[in-house]
Amino acid sequence: MVLLNVPATVVALGLFFFLDDLTGFEITYVLEGLCPNCGTENVSFFGTILSISNGGTTNTLKCSNCGTPLEYNSKTRLITLPEGTQA
């Protein structure tokens with residue numbers, strides 16, 4: 001049964017990523033990480049959906065639990081606190 005499902009899964013994933021590139025919806029630019037203050041997982045989106053860009057390589061957002069500002073950098077793949085902020 002596994003030998004029958006593996007090729008089908010590979011084909012389905014290949015088709016999915018091909019259509020992903022064709023439509024411009026980039027799922028590879030999501031950065032997830034834990035808040036250094038409370039440990040809650042937060043997610044930031046980087047990329048383009050149907051030619052609408054997020055506008056840069058860094059995103060600043062607040063933790064969904066405690067409100068601590070977090071800076072997400074897509075190039076270094078790091079989540080840091082902005083300058084002058086304490087955890």
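Note that the structure is a prediction, hence the values are computed from the model and not measured. The residues of the chain are indexed from 1 along the displayed sequence. Reckoned from all heavy atoms, side chains included, excluding hydrogens, waters and symmetry mates.
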Let me see the working for T68 and L81 under side chain to side chain contact (heavy atoms under 4.5 Å, CB included), right down to the final yes or no.
CA-CA 8 Å; T68 301; L81 297 174; 3.7 Å; yes
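Rounding to the nearest 0.5 Å places OG1 of T58 at 11.5 Å from CG of L31.
Residues that satisfy the side chain to side chain donor-acceptor pair (under 3.5 Å) test with N65, not counting sequence neighbours, are T40. Remark: S44 engages F46, N59, L61, Y72 in a side chain to side chain contact (heavy atoms under 4.5 Å, CB included) (not counting sequence neighbours).
Of all non-hydrogen atoms in K62 and N42, the two that sit nearest each other are O-OD1, 4.4 Å. Minimum interatomic distance between P69 and P82 (heavy atoms only, all atoms of both residues): O-CD, 3.3 Å.
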For residues 3-17, dump all side-chain donor-acceptor pairs below 3.5 Å to protein atoms at least two apart in sequence or in another chain.
{"from": "N5", "atom 1": "ND2", "to": "M1", "atom 2": "O", "distance (Å)": "3.4"}
{"from": "T9", "atom 1": "OG1", "to": "N5", "atom 2": "O", "distance (Å)": "2.8"}

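Side chains of T80 and N73 form no contact here, defined as non-hydrogen atoms less than 4.5 Å apart.
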